[in-house]
Number of protein chains: 2
Amino acid sequence: MFHLYWADEGGVPAGDRGLAYGDGLFETMSVTGDRPPLLAYHLDRLSRDAGRLAIPAARSELEKVCSQALARYSGHYGARPWVLKLTLTRGSGGRGYRPEPGIQPNLVISHSTAPAPADTDGVVVDFSRVPLTVNPLFAGIKSLNRLEQVMAARELRGEIYEVLMSNRDGHVVEGTRTNLFVRSGDAWITPPSATLAVAGVMRRYVLDRLHTAGEEVREAPLSLVDLVGERCQGLWLTNSVLGVVSVRNLAGHDLPVDQRLATIVGSPAILD
Amino acid sequence: MFHLYWADEGGVPAGDRGLAYGDGLFETMSVTGDRPPLLAYHLDRLSRDAGRLAIPAARSELEKVCSQALARYSGHYGARPWVLKLTLTRGSGGRGYRPEPGIQPNLVISHSTAPAPADTDGVVVDFSRVPLTVNPLFAGIKSLNRLEQVMAARELRGEIYEVLMSNRDGHVVEGTRTNLFVRSGDAWITPPSATLAVAGVMRRYVLDRLHTAGEEVREAPLSLVDLVGERCQGLWLTNSVLGVVSVRNLAGHDLPVDQRLATIVGSPAILD
């Protein structure tokens, strides 16, 4: 069903459409031992969004490849957390942008050590100078078209842990590699799916946990005043590898830090 | 200066950032024998836009690689036209989106036969259902983030030669692989550079020729009425491999076809 490429065994075809046009998607999963706690969420997103791009990728086939990869690499890391990455492309070939019908997707599998966890006292965040543009047709898809995030990530320097990107409507949408949750009044607010460049797996997990806990959640656009105004009782970044990260300072504004969201969300490694 | 990858010799590194994030650019050049008539335009664009993405790529080094590629492949094709493709990526590595400082770019070189020329009686064109979103920071850059063009190119069926993509302002901006010129009243109109996803090399060449010929040229947004209204005296698609292509029918509206633009522009193969 896929052409499999194990990154530690060699390269990928020069004619791959992921390289040529960013014509594909990827997932990076946090793993401890051979267990990726959010595996089901990753498989759901990858298979669904591949479908949106008309790249054939059955969830069951992706799951099989994940099992192979987990068996193959978990021994390398022992009890240390690691990251499994799947890059799914439409395949090789076609005349220019137009894909050849019926080509077989390529699936590239790689692994790496997990990044260090963020400071539990909170992190320092700034605003990016790179505007975020989201094609409504591809909203939320973790596609290989990530040049905006790359250019914004070049702004991460010194203690700046993340930069927040805004769209043309002036709404603050997400970080380079994180989604946003704000505590405002009695509710949790996160930008709507339809406005997101990447709809993170951890965002989905946090939403599910908040709903289960009976919390009031609104998917609504965030403006600057929602983040630095008086009603803001906290800002959190979410990412499936980094988890839930409190922001203690946004562009020079101190923000309240508490463990409320982390407590509600818990550890996916335990809860899964 | 570059890690060179000849596509006919093998693959590219699985960790290449072009594959991971579309973190790079490309050029496709029309060649006859060992002469790409628009080589200078391609080298200008590639080196300038690499600079905009902070990918180090000196024009002189790119030119050397082109000379090697032309010497290597021109014998394959004899007098038949062919296409030389350069894919320049930021290189391999880095932690996530953030590039490692000082990494060496990868340059992938490939070649293919030229596509058949378009019908000189004009082609049939439709409107795409895929909206075009252009980040102002990357306007015009032929980057590897081309998912919108891929999805729009899937709409090319039967006699539909190209589909035209519109932005959120309702302006018709460009085709999947072509820029647009309209003859309106006494002037030529083409959408402004700042609004383009890809600022084509042939567009630049046509603009230069029109200016040299003393023609009135306006860079202005195109709306539907500019294309199908009474003032429209013709619509042309430009692409460095396909040349200048007349549109005879746009979404069911017949358009006047003449050789006026083709005559002014001439054949770059001869004029260069």
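When all heavy atoms of Ala20(A) and Leu144(B) are compared, the pair lying nearest together is O-CD2, 3.4 Å. Taking all atoms of both residues into account, the shortest heavy-atom contact from Gly10(B) to Ala14(A) is O-CB, 3.9 Å. Closest heavy-atom contact between Met151(A) and Arg52(B): CE-O, 3.8 Å.
Two residues are said to be in side-chain contact when any heavy atoms from C-beta on lie closer than 4.5 Å; Leu19(A) and Thr89(B) meet this criterion. Residues Arg146(A) and Tyr97(B) are in side-chain contact: their nearest non-hydrogen atoms beyond the backbone lie under 4.5 Å apart. Annotation: side chain of Val12(A) is in contact with side chain of Val12(B) (closest heavy-atom distance under 4.5 Å). In this structure, the side chains of Leu137(B) and Glu148(A) stay at 4.5 Å or more apart for every pair of heavy atoms.
Contacts of Ile141(B) with chain A are absent, with no heavy-atom separation under 4.5 Å from either backbone or side chain. Residue contact with chain A, scored on non-hydrogen atoms closer than 4.5 Å, is absent for Thr28(B). Proximity to chain A is absent for every atom of Ser92(B), based on heavy atoms less than 4.5 angstrom apart. Residue contact with chain A, scored on non-hydrogen atoms closer than 4.5 Å, involves the side chain of Val108(B) exclusively. Of the two parts of Phe138(B), only the side chain, counted from C-beta on, holds a non-hydrogen atom closer than 4.5 Å to a non-hydrogen atom of chain A. Only the side chain of Asp16(B) has a heavy atom closer than 4.5 Å to any heavy atom of chain A.
Ranked by heavy-atom pairs shorter than 4.5 Å toward chain A, the options Trp6(B), Phe26(B), Tyr5(B) are led by Phe26(B). Between chain B and the residues Val130(A), Val134(A), Thr133(A), the most heavy-atom pairs under 4.5 angstrom are made by Thr133(A). Between chain A and the residues Arg168(B), Glu9(B), Arg177(B), the largest count of heavy-atom pairs under 4.5 Å involves Arg168(B). For the set Gly22(A), Pro131(A), Gly18(A), Pro13(A), the entry with the most heavy-atom pairs within less than 4.5 Å of chain B is Pro131(A). Of the listed residues (Ser112(A), Gly24(A), Pro115(A)), the greatest number of heavy-atom pairs within a distance under 4.5 Å of chain B belongs to Pro115(A). The candidate with the highest count of non-hydrogen atom pairs below 4.5 Å against chain B, out of Asp8(A), Asp169(A), Val83(A), Thr87(A), is Asp169(A).
Contact annotation for residues 239-246 of chain B against chain A (heavy-atom separation below 4.5 Å): no residues qualify. The stretch residues 98-107 of chain B places Arg98(B), Pro99(B) near chain A, each with some heavy atom under 4.5 Å from a heavy atom of that chain.
Here CG of Leu132(A) is found 8.0 Å from CG of Asn135(B). Values are rounded to the nearest 0.5 Å.
Counting heavy atoms of neighbouring residues, nucleotides and ligands inside a 6.0 Å radius, atom CZ of Arg129(B) does not exceed 12 of them.
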- request: For side-chain contact (heavy atoms from CB on, under 4.5 Å), just list the numbers for Asp23(A) and Leu147(B), CA-CA rounded to whole Å, side-chain angles, deciding distance to a tenth of an Å, and then say yes or no.
  value: CA-CA 6 Å; Asp23(A) 191 7; Leu147(B) 200 46; 3.5 Å; yes
